[in-house]
Chemist: 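My questions will all concern the structure given below.
Protein chains get the first letters and strands the later ones, always in sequence-line order, with residue 1 at the start of each. Worth saying up front: this structure is predicted, and the values here are computed from it rather than measured. These values consider heavy atoms only, across backbone and side chains, with no hydrogens, waters or symmetry-generated copies.
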Number of protein chains: 2
Amino acid sequence: MAKAKRILKWQRDPEGMRLRILEAAKQEFATHGLAGARVDRIAAKAGANKRMLYYHVGKKDDLYLAVLEGAYEKIRAEERGLDLEHLDPPQAIARLIDFTWNYFIRNPEFLALLNTENLARARHLKRSTKVKSMHSPFVEMIRTVVRRGVESGDFQVAVDPVQLYISIAALCFFYLSNSATLSVIFGRDLLSKEAKDERLDHMVALVLAALTGKSVAAFGRNTAARLRSPAEHTA
Amino acid sequence: MAKAKRILKWQRDPEGMRLRILEAAKQEFATHGLAGARVDRIAAKAGANKRMLYYHVGKKDDLYLAVLEGAYEKIRAEERGLDLEHLDPPQAIARLIDFTWNYFIRNPEFLALLNTENLARARHLKRSTKVKSMHSPFVEMIRTVVRRGVESGDFQVAVDPVQLYISIAALCFFYLSNSATLSVIFGRDLLSKEAKDERLDHMVALVLAALTGKSVAAFGRNTAARLRSPAEHTA
DNA sequence: GCACAAATTAACCTGTTGGATAAATACTGT
DNA sequence: ACAGTATTTATCCAACAGGTTAATTTGTGC
């Protein structure tokens, strides 16, 4: 009842207000970067007064860190639900790639936030205590898959789990994060349904071929035509 | 003589001034992003008056596009000198990876500029006519290597050259561009000499294993210890 | 030396921005 | 109903930033 009243009058709802502020801030920082983000716009988007940001979260930098922590928390939480332990190792890796890829597609702000934070040389993240502890379980998860793969003979070589994850994230991240410039310079729409499907196939095939030593058919899919030069196309 | 005089008095040297402005702008945009960059700071760094920027190049956005075009021109020019035609295909790919990696290390501003431009959804690049034409020869170069590799039997599968290049760039780019946040969350210095060497080995091994089907020893280098969990390390 | 254009400087202006102050309003327990 | 606290609003401001105007200096062709 008190809760319902709070929701009806969404003023005087501190927790809700805080969430709306963080959501608005996430959008704003993702769209405009740190320096380009406007505190007033965040307030407007959150349906709040500018003063509220400072009251509920803090100054611009604090806001940014809070958004960033929330973003990491969200992806790592979803990853925990992947249940890689019960899949055979190649499938587990394929699933991790698939998840990462689709998570990045579903959450484009995450990519922008990370880029922005790296431009700032992780100056905010370094101040965070939460974020560091989030990642050891995640690395453990991958480490276990790799070890199982090596033991079962599915994987030819033992690969450093961190290195492997960075590579998987890299393949997904770069394509999506840089799709705007890549689309221009290569003159292709990289975000069409077909292009995205093709990319996922390519990434899974690339990583699994390297791990298992068995080439995956999909690696070469759709590429016969791509090997012909433009001149040959018209000829 | 007239040239020498010009160089001595670096005022009244329009071309030189333009170059100094673009260099200063590159540093400023790379360090602070588009919105964070300060026109006054660029002027100061270039040893010029703010009005000079507008006189020689244009407004902030024009300045940014000029810097970006210069950056693309530089990397594509260096790539043209790689001479991949005379190497056997696996070596050619290894060389391309090695070059890309080291170019990114030598030119960190390039990474930042691309990220910034992607945050702006390639709004400047789309206006550029120069940049688009720069890239067909580059794609041709890779296409030829892949085709030769398939014909010689070195490569198991035909892979789309654009897809392959994006993957190579991704592996290098993401690691370096995101090294600040990655170092924090994984608690490792990813930019130490050893870490960088290890990364290059990993990337070359990953891509060549996938292309040739033969696993590369370096893929698993240094990783035996990494497969032990932290608990086991102390045990 | 002189006219003319190119290059450079200095000063200014207007809108904006992050952040602060202080007052008002609504909810809580009593 | 009331006192006290948590939440919210309205307003202000000083610093700054991008861009412009207009005057000044320097080199060039004649």
Side-chain angles (χ1 to χ4, degrees), chain A residues 1-29 31-67 116 120 123-124, chain B residues 1-29 31-67 116 120 123-124:
Chain A
M1 197 59 174
K3 190 70 180 255
K5 198 185 271 178
R6 264 186 186 170
I7 288 164
L8 276 172
K9 297 185 61 60
W10 51 265
Q11 287 140 6
R12 297 280 155 171
D13 173 22
E15 307 112 57
M17 174 65 99
R18 197 186 135 91
L19 287 180
R20 274 181 300 123
I21 288 172
L22 289 178
E23 179 60 31
K26 180 165 81 181
Q27 296 305 327
E28 178 71 11
F29 285 128
T31 312
H32 298 98
L34 184 54
R38 292 294 162 252
V39 172
D40 297 272
R41 258 193 319 241
I42 295 174
K45 250 180 275 189
N49 186 286
K50 183 166 51 160
R51 182 67 180 79
M52 294 282 85
L53 312 190
Y54 297 89
Y55 183 75
H56 286 286
V57 189
K59 64 167 101 183
K60 202 184 186 185
D61 278 320
D62 302 331
L63 234 123
Y64 181 71
L65 176 57
V67 166
T116 296
R123 135 179 138 240
H124 309 85
Chain B
M1 197 60 174
K3 190 71 181 256
K5 200 186 270 178
R6 264 186 187 169
I7 288 165
L8 276 172
K9 298 187 60 59
W10 51 265
Q11 286 140 7
R12 297 282 156 169
D13 173 23
E15 307 112 55
M17 174 64 100
R18 199 187 134 90
L19 287 180
R20 274 181 299 125
I21 288 172
L22 289 178
E23 178 59 31
K26 181 165 81 181
Q27 296 305 327
E28 178 70 11
F29 285 128
T31 313
H32 298 97
L34 185 54
R38 292 294 164 253
V39 172
D40 297 271
R41 262 197 311 243
I42 295 174
K45 250 179 276 189
N49 187 286
K50 182 168 51 162
R51 182 68 180 77
M52 294 283 85
L53 312 190
Y54 295 90
Y55 182 75
H56 287 287
V57 188
K59 64 168 102 186
K60 201 183 185 185
D61 277 319
D62 301 331
L63 213 65
Y64 181 72
L65 176 57
V67 167
T116 297
R123 142 179 131 238
H124 309 86

Chemist: Which nucleotide sits closest to the side chain of P14(A): dG18(D), dT7(D), dG18(C)?
Modeler: dT7(D)
Chemist: With a 4.0 Å cut-off on heavy atoms, is A37(B) in touch with a base, just the backbone sugar-phosphate, or nothing at all?
Modeler: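 Sugar-phosphate, no base atom in range.
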Chemist: Atom CD of E15(A) and atom P of dT8(D): how far apart are they, to the nearest Å?
Modeler: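 Whole-Å distance recorded here is 10 Å.
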Chemist: Closest to the N49(B) side chain: dT8(D), dG18(D), dT9(C)?
Modeler: dT9(C)
Chemist: Taking atom P of dC12(C) as reference, at what distance in whole Å does atom CG of D40(B) sit?
Modeler: 16 Å
Chemist: For H32(B) and dG18(D), give me the distance from atom NE2 to atom P, rounded to whole Å.
Modeler: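 Atom-to-atom, H32(B) to dG18(D), this comes out as 12 Å.
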Chemist: Taking the side chain of V39(B) as heavy atoms from C-beta outward, which of dG18(D), dT17(C), dG19(C) is closest to it?
Modeler: dG18(D)
Chemist: To the nearest 0.5 angstrom, please state how far the OH atom of Y54(B) sits from the CG atom of N49(B).
Modeler: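 Answer for the OH-CG pair, Y54(B) versus N49(B), is 11.0 Å.
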Chemist: Considering only dG18(D), dA10(C), dG19(C), which nucleotide approaches the side chain of K60(B) most closely?
Modeler: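 For K60(B), the side-chain atoms sit closest to dG18(D).
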Chemist: Tell me the interatomic distance from D13(B), atom CG, to dT25(D), atom C1', rounded to whole angstroms.
Modeler: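 One finds 16 Å between C1' of dT25(D) and CG of D13(B), rounded.
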Chemist: Enter the distance from Q27(B):CD to R41(B):CZ here, rounded to the nearest 0.5 Å.
Modeler: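 Going from the CD atom of Q27(B) to the CZ atom of R41(B) covers 12.5 Å.
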Chemist: Just how far, in rounded Å, is P of dT8(C) from CD1 of I21(B)?
Modeler: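 Taking atom P of dT8(C) as the reference, CD1 of I21(B) is at 8 Å.
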Chemist: Please state how far atom CG in D62(A) lies from atom P in dG18(C), giving the value in whole angstrom units.
Modeler: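 It works out to 14 Å between those atoms.
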Chemist: Closer than 3.5 angstrom, by distance alone: can the side chain of K60(A) be matched with the main-chain N or O of L34(A) as a donor-acceptor pair?
Modeler: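 Checking the backbone N and O of L34(A) against the side chain of K60(A), a donor-acceptor pair under 3.5 Å is found.
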Chemist: Might you point out which heavy atoms bring A46(A) and I21(A) nearest each other, and give the distance in Å?
Modeler: CB-CA, 3.8 Å
Chemist: Among the candidates dT8(D), dG19(C), dG19(D), find the nucleotide nearest to the side-chain atoms of Y55(A).
Modeler: dT8(D)
Chemist: Kindly point out which of dA10(C), dG18(C), dA22(C) is positioned nearest to the side chain of R51(B)?
Modeler: dA10(C)
Chemist: Which whole-number value in Å describes the distance from M52(A) CE to dG18(C) C1'?
Modeler: 16 Å
Chemist: Heavy atoms under 4.0 Å, any strand shown: does K50(B) hit a base, just sugar-phosphate, or nothing?
Modeler: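 Base contact - K50(B) has a heavy atom under 4.0 Å of at least one base atom.
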Chemist: From C-beta outward on H56(B), which listed nucleotide comes closest to its side chain: dT8(C), dG18(D), dG19(C)?
Modeler: dT8(C)
Chemist: Just how far, in rounded Å, is P of dC16(D) from CZ of R38(A)?
Modeler: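 Result: 15 Å.
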Chemist: Can you give me the closest heavy-atom contact between V57(A) and R18(A), atom names plus distance?
Modeler: CG2-NH1, 4.0 Å
